[in-house]
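Below is one structure, written out as structure tokens; the observations come after it.
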Protein chains: 2
Amino acid sequence: MSQTLDRALQVLEFVGERPRRIGDIAARLDVHHSTALRFLHTLRKHGFVQELPDHSYRLGPTMFRLGYQALEGIELRSVARPAMERLRELTGETVHLGSLEDGSVLYVEKVEANHPVRMHSRIGAVARLHCTGVAKGIVAFLPQADRDELLDGYELSRMTDHTIVDRAALEDELALSRERGYALDAEENEPGIHCISAPVFSGEGRVVGAFSVTAPISRVDRQTLLSFAPALVEATRDTSRQLGWQ
Amino acid sequence: MSQTLDRALQVLEFVGERPRRIGDIAARLDVHHSTALRFLHTLRKHGFVQELPDHSYRLGPTMFRLGYQALEGIELRSVARPAMERLRELTGETVHLGSLEDGSVLYVEKVEANHPVRMHSRIGAVARLHCTGVAKGIVAFLPQADRDELLDGYELSRMTDHTIVDRAALEDELALSRERGYALDAEENEPGIHCISAPVFSGEGRVVGAFSVTAPISRVDRQTLLSFAPALVEATRDTSRQLGWQ
DNA sequence: CGCTCAAAGTGCGTAACGTGCAACGTGCCT
DNA sequence: AGGCACGTTGCACGTTACGCACTTTGAGCG
């Protein structure tokens, strides 16, 4: 493995959190500031970082150009989009697509509610495995071994009063989801927000993602949310079929 | 500058175009395949690339996570969003936000038309300077020196029958845009699609971006498009004011 | 105005580490 | 079976990345 590259990638992740100054970066990597400077110059030359007037650095234009190219490369995303839109029309609510990538569940697509309730985009973000709709919709349908691998060592941190923080309770909940064919997030990640989600399968029969319908409790009560289940499951089945499933 | 890092960043850009196999990458960099392999392993360890079943590599989850973080870091984007949404309500058409980053104009935000006409997302893409609404809306309002620097050596490639491929004609068109306060793309980039756009200024009075309203000719005729001008200019003025302009 | 401090940037000697090569194992395709 | 492409490992060489010391720049402040 390459030390230089390894360090430089750490720089990118560090700078990604928020703009950083040379000193911070050098300290973080535990290298001389001239070394950090050399990295930043190279990264800047390629547009991966950008220097701000105050000499701090933030991620640059190449970074989000490539970020979007990475997103375009996900086949699931383009296949799923039409079904997501139909689901939005039927429910009127925001539809998310989560994808399992390297052991993390990421939000990779979103179709927004007609309603003017804004929530900031989650695309690109990591979905918490134990308390988000998309993640539960995926994790519930993994083979037990894969699920164990993912959850072992994963901290079930409390986000709201409803978050399931006990591993055994979570397993029960996931088993229940598996039987029903869909998963729920009942205000487990964010107070006042609940979701219903269902898995998408690839041609080889593996879970590769999930759709979720998200809504504020204030507008959509639990019963209404549950009533979305048939349309949701149909939408994910449709997408799975297009991926060659069954 | 760091040779190792320089090469690795080339790998990322190369892989970003489409999935690549080791052999291609090694050939492209003109290095031994074991060297390319070492890069890929390090990149993969950090999630910047991902290995596909056929041993080719594509961009990975970290890449689009950071891509979105880069986007979030653009102040203009969050400031502009509400005005973009109001503009969409008024016009009913797709509104784009272009931002000037390191001498390139990039699409950084989009609010979609109500109408169900899909066009694939342009976010993260580079806007051609001479024939896209957002870019013309920015370039027209740059100081002459900056405009020259950008356009000198920039190829005015023909995209449609209406594309302006003559530098002098483009300068005239931009001068006209400057007088009017808004720019047009009259099927210059894509047949059947036209746009109207206006610039956003920063607190220091520099152009930093532009809004554009895009629509298919089939639904919106030229006169209707022009009728969007007052609302468009008002939206960009509003955003400029929030950035401290005047 | 000129002091101070922090960070940017430069040049250089040292040795660490990245490089290419060779050899072997594997899976896929013809 | 044979050929091909890729993955993986070990090693010797020398390129190049590293840290240090020094200079320059610029912002803040009395």
Side-chain angles (χ1 to χ4, degrees), chain A residues 1-60 73 75 101-103 202-204 206 244, chain B residues 1-62 73 102-103 202-204 206 244:
Chain A
M1 233 174 341
S2 165
Q3 185 192 60
T4 307
L5 180 52
D6 197 80
R7 285 171 165 171
L9 296 180
Q10 286 180 53
V11 171
L12 279 179
E13 305 215 37
F14 190 56
V15 166
E17 295 169 17
R18 57 189 161 88
R20 304 284 188 174
R21 292 173 312 161
I22 295 258
D24 298 334
I25 296 169
R28 170 62 173 259
L29 296 186
D30 197 26
V31 297
H32 198 268
H33 79 118
S34 64
T35 301
L37 194 66
R38 204 166 335 108
F39 290 154
L40 287 168
H41 282 345
T42 309
L43 290 168
R44 185 178 55 187
K45 181 186 126 193
H46 289 262
F48 281 78
V49 301
Q50 212 173 353
E51 193 171 359
L52 300 179
D54 68 341
H55 287 130
S56 65
Y57 290 80
R58 71 164 187 206
L59 296 179
E75 185 202 358
E101 304 282 336
D102 276 350
S202 74
E204 301 88 49
R206 287 181 292 102
Chain B
M1 234 175 340
S2 166
Q3 186 192 60
T4 306
L5 180 51
D6 197 78
R7 285 171 165 173
L9 296 181
Q10 286 180 52
V11 171
L12 278 179
E13 306 216 37
F14 190 56
V15 166
E17 294 168 17
R18 57 190 162 88
R20 303 285 187 174
R21 293 174 312 161
I22 294 263
D24 299 335
I25 296 169
R28 169 64 174 261
L29 296 186
D30 196 26
V31 296
H32 198 267
H33 81 229
S34 65
T35 301
L37 194 66
R38 207 173 327 109
F39 289 155
L40 288 168
H41 281 344
T42 309
L43 290 168
R44 186 178 55 185
K45 180 186 128 193
H46 289 263
F48 282 79
V49 301
Q50 212 173 353
E51 193 173 357
L52 299 179
D54 69 341
H55 288 132
S56 65
Y57 290 80
R58 70 165 188 206
L59 297 178
T62 303
D102 276 350
S202 74
E204 300 88 48
R206 288 180 292 103

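Below, each value reflects all heavy atoms present in this structure, side chains not excepted, and no hydrogens, waters or symmetry copies. Lettering of chains follows the sequences in order, A, B, ..., and the numbering in each one begins at 1.
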Between CD on residue A:Gln10 and CG on residue A:Leu29, distance to nearest 0.5 Å: 5.5 Å
Interatomic distance, B:Gln3 CD vs C:dT19 C1' [rounded to whole Å]: 9 Å
Presence of B:Arg21 side-chain N/O under 4.0 Å of D:dC6 phosphate oxygens OP1/OP2: yes
A:His32 NE2 - D:dA17 P separation (whole Å): 17 Å
Nearest atoms (heavy-atom pairs only) where A:Ser2 meets B:Thr4: OG-CG2, 3.5 Å
Flag, side chain of A:His46 to backbone of A:Phe48, donor-acceptor distance under 3.5 Å: no
Distance, rounded to the nearest Å, where B:Leu29 contributes CG and C:dT19 contributes C1': 13 Å
Between P of C:dG18 and CG of A:Leu5, the distance in whole Å: 9 Å
Residues A:Glu13, B:Lys45: salt bridge by 4.0 Å N-O rule: no
Whether B:Thr42 side chain and A:Leu5 backbone form a donor-acceptor pair below 3.5 Å: no
Nearest-Å distance for atom pair CG/P, residues A:Leu40 and D:dC18: 12 Å
5' precedence on DNA chain C between B:Thr35 and A:His33 (nearest-nucleotide basis): A:His33
Separation of atom CG in B:Leu52 from atom P in C:dG27, rounded to whole Å: 19 Å
Whole-Å distance separating the CG atom of B:Asp30 from the C1' atom of C:dT19: 13 Å
A:His41 vs C:dG9: side-chain N/O to OP1/OP2 distance below 4.0 Å: yes
Distance below 4.0 Å between A:Ser2 side-chain N/O and C:dC17 OP1 or OP2: no
Sugar-phosphate only, base, or nothing, as touched by B:Glu51 at under 4.0 Å among non-hydrogen atoms: sugar-phosphate
side-chain N/O A:Arg38 vs D:dA17 OP1/OP2, d < 4.0 Å: no
Sugar-phosphate, base or nothing in reach of A:Ser34, heavy atoms under 4.0 Å: base
Whole-Å gap separating C1' (C:dG9) and NE2 (A:His55): 10 Å
Sugar-phosphate only, base, or nothing, as touched by B:Leu37 at under 4.0 Å among non-hydrogen atoms: base
Side-chain N,O (A:Tyr57) to OP1/OP2 (C:dA7) below 4.0 Å: no
Residue whose nearest DNA chain D nucleotide is more 5′ - B:Asp54 or A:Arg7: B:Asp54
